[in-house]
Amino acid sequence: MCGIFGCVGLDESVKAVLSGLRRLEYRGYDSAGVCTFSNDKIIFEKQVGKISTLDEATEKKGMKGNKLALAHTRWATHGKPTKENAHPHLDEKNTLALVHNGIIENHEVLRRDLKAKGVKFLSDTDSEVIAHLIAKDFEEDLLGAVQRSLPLLEGSFAIGVIHEKEPNTIIAFCKDAPLAVGMNEGVTYLSSDPNAFPSEVKNVVFLSNGEIARLQAGVLELFDGDLTPIQRESLIIERHDQVFSKGDYEHYTLKEIDEQPMAIRNALFNRTHYDFGTATLEGLNLSIHELLEVERVLILGCGTSYHAGIIGAMMIEELARVPTQIEIASEYRYSNPIVLPGTLVIAISQSGETADTVAAVRELKTKGAPVLWIGNVQGSTLAREADGALFLRAGPEIGVCSTKAFTNQVVVLSLFALMMGRMRHLSRDEGKAFLDCLMRLPDEVQTILDRKGDIAKLAKKYAKYDNFFFLGRRYMYPVSLEAALKLKEISYINANGYPAGELKHGPIALINESCPTVAFTTNQTTFPKMKSNLQEVKARHGLVLAVSSVDHRALDGVADDLIQVPQTIDPLASVLASVAGQLLAYYIALERGANIDQPRNLAKAVTVE
Ligand code: AGP
């Protein structure tokens with residue numbers, strides 16, 4: 001994982017790279033570092049913790065950066081989050097500094113060889129190996145030294161390197177990890193994500209796998225693995241001046257939960273065709289003929305995106321009667337997938353950077369399947385590599401815990417399912433009835449948000465428990481998985497999402513008075529069964545907090561507490577119930593004093609396998 005940001009050609013380059021780095025904090029935030037030159041020598045600073053800590057340290061040192069700086073934010077893979085393990089890593093004489101994103105799979109062998117040659121290591125990282133390798137190979141130029149070292153390295157990685165003999169140059173390389181170069185008025189920037197460039201940077205060059213780049217002030221040279229120059233036109237990327245501000249909110253997470261009505265309206269805008277009871281989706285890059293030829297759909301995702309995918313799969317089967325398989329990308333990529341003709345792949349990823357999803361997509365593309373990406377970040381790897389894209393239009397999601405991106409994923413998937421259904425057996429009236437419910441969704445979400453004080457009160461009661469069950473059936477099963485994930489990730493409470501009917505096949509052994517159950521009961525078709533399952537919980541002295549859309553008397557005797565949500569059709573009830581789950585997780589985490597926006601051990605985009 002980790003984020004790389006560099007720049008050449010600016011007087012106060014340290015400030016500039018730290019500001020870029022802040023926009024990459026979603027890629028990791030356990031430690032950070034920066035290097036630059038002073039009197040032709042490399043100087044650096046590293047700090048454990050957030051970029052703000054590094055910022056203070058460089059300020060204190062008066063480290064301004066002389067035309068060039070290279071920085072890194074880390075999410076630990078090899079070695080604990082310590083100052084020694086933070087990047088940049090330097091060679092023994094401090095002549096070379098390197099930042100690295102990704103994993104060097106053969107680092108142990110390389111480390112052993114280097115140690116045998118007398119090299120002393122200061123960190124536990126795989127990254128330091130690369131710094132020593134390149135430094136040992138340095139003869140006259142950094143480009144050559146990097147090029148000669150690369151064949152020794154196995155894995156997926158991106159690097160940025162500087163050397164004291166070339167104080168005006170950054171050398172960069174990537175293999176299965178993103179790197180982009182942006183240029184503006186004599187300044188050249190390097191970043192793991194083009195969205196981190198200053199807003200005036202519009203022209204961007206993406207490095208392809210195996211390419212080496214030499215960056216100097218206002219100059220970019222690209223080379224292949226043999227150092228043959230490559231010509232590449234820059235792309236003009238759409239830049240949205242994104243507002244990274246919490247406003248009056250204590251946390252981005254709550255702000256983003258509250259933004260959901262607006263985000264859903266954005267997701268629906270110009271994508272519905274009420275008179276025909278259908279959806280019109282730009283960016284699919286598939287003709288009507290190709291859509292009609294889709295015989296099966298395969299959905300891939302990780303974490304929250306996987307949960308949205310389960311809901312999407314159910315909706316596509318229910319509305320369009322197209323068989324749909326849902327898979328966890330990290331598992332699927334190693335399964336040597338069987339891809340039958342007529343398969344459409346939908347890869348769901350908010351960031352568009354999740355390494356497992358990207359790898360699964362690449363595998364499926366080699367098998368010839370068309371891939372549609374559903375995601376939020378323009379210019380991301382999947383935005384570029386997928387055959388078609390459906391943007392979530394959720395706006396930037398800063399909180400590590402995905403909230404508005406999830407609900408928009410479900411909404412966009414519902415539009416896709418509706419469109420596919422209307423192209424098959426679904427009638428115009430059925431389509432219109434579905435759209436009626438979809439259009440009401442933003443207001444219904446708002447109703448839940450308006451009553452969030454009630455959920456905050458319930459959170460005070462439930463925050464003391466260390467184990468939870470989240471139960472649901474049909475559409476409420478993935479909602480349970482998602483709500484349990486929210487609680488785990490931001491409050492560090494052990495929470496199990498489970499299909500309610502499966503409880504009796506084992507996990508019911510865990511139910512007692514100190515393990516509450518959050519029950520999502522708003523799937524109308526399974527309500528009576530769900531009620532019976534909750535009775536089984538009550539019979540074992542389990543505390544039940546039910547998310548319900550029916551008259552509270554219907555749950556008398558089975559629910560100790562209720563969160564009331566508006567009633568809608570089963571597929572869309574998943575959105576409403578999830579908002580209740582998000583608020584519950586948020587307020588419990590708040591009660592427990594957790595770091596809600598940046599929970600421990602996590603990163604917004606998981607860019608390693
Ligand atoms: C959700 O709250 C998580 N932070 C996480 O599960 C996330 O959804 C997952 O890592 C996938 O990310 P993506 O959507 O960017 O691919």
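All values reported here derive from a predicted model rather than from experimental measurement. The first residue in the sequence is number 1, and the count goes up from there. Ligands are counted one by one from 1 in listed order, and the atoms in each one are counted from 1 as well. All values below come from the heavy atoms of this structure, side chains included, with hydrogens, waters and symmetry mates left out.
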> Which option out of T253, T403, T304, D356 puts a heavy atom nearest to atom 1 (C) of ligand 1?
Replying inline: T304

> Between the candidates G301, G303, C302, which shows the shortest non-hydrogen contact distance to atom 11 (C) of ligand 1?
Replying inline: C302

>> Looking at K367, I'd like to know if its NZ atom is crowded, meaning that more than 12 non-hydrogen atoms belonging to other residues, nucleotides or ligands lie closer than 6.0 Å.
In response: yes

Closest approach of [X] and [Y], non-hydrogen atoms and distance?
| X | Y | answer |
| --- | --- | --- |
| F406 | S402 | N-OG, 3.8 Å |
| R592 | Y465 | NH1-O, 3.1 Å |
| D570 | N523 | OD2-ND2, 3.1 Å |

> Ring centroid separation for W75 and Y26, is it under 6.0 angstrom?
Replying inline: no

>> Please confirm whether the ring centroid of Y477 lies under 6.0 Å from the ring centroid of F520.
In response: no

Any idea which protein heavy atom is nearest [atom], and the distance to it?
| atom | answer |
| --- | --- |
| atom 15 (O) of ligand 1 | S351 OG, 2.6 Å |
| atom 3 (C) of ligand 1 | E489 OE1, 3.5 Å |
| atom 16 (O) of ligand 1 | T354 OG1, 2.4 Å |
| atom 10 (O) of ligand 1 | V606 CG2, 3.9 Å |

>> Strictly below 4.0 Å, N to O, side chains only: are R600 and D30 in salt-bridge contact?
In response: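 Result for this pair is no, no salt bridge flagged.
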
Is [X] in polar range of ligand 1, meaning some N or O pair under 3.5 Å apart?
| X | result |
| --- | --- |
| Q409 | no |
| G352 | no |
| K604 | no |
| T357 | no |

Can you name the atoms of ligand 1, numbered from 1 with element, that are less than 4.0 Å from a heavy atom of [X]?
| X | value |
| --- | --- |
| C401 | 2 (O) |
| S305 | 8 (O), 13 (P), 14 (O) |
| S402 | 1 (C), 2 (O) |
| K486 | 1 (C), 2 (O) |

> Think R384 forms a cation-pi with F206, using NZ or CZ under 6.0 Å from the six-ring centre and within 45 degrees of its axis?
Replying inline: yes

> Is the charged tip of K50 near the ring of Y29: under 6.0 Å from the six-membered ring centre and within 45° of its axis?
Replying inline: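 Positive - K50 is close enough to the ring of Y29 and near enough to its axis.
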
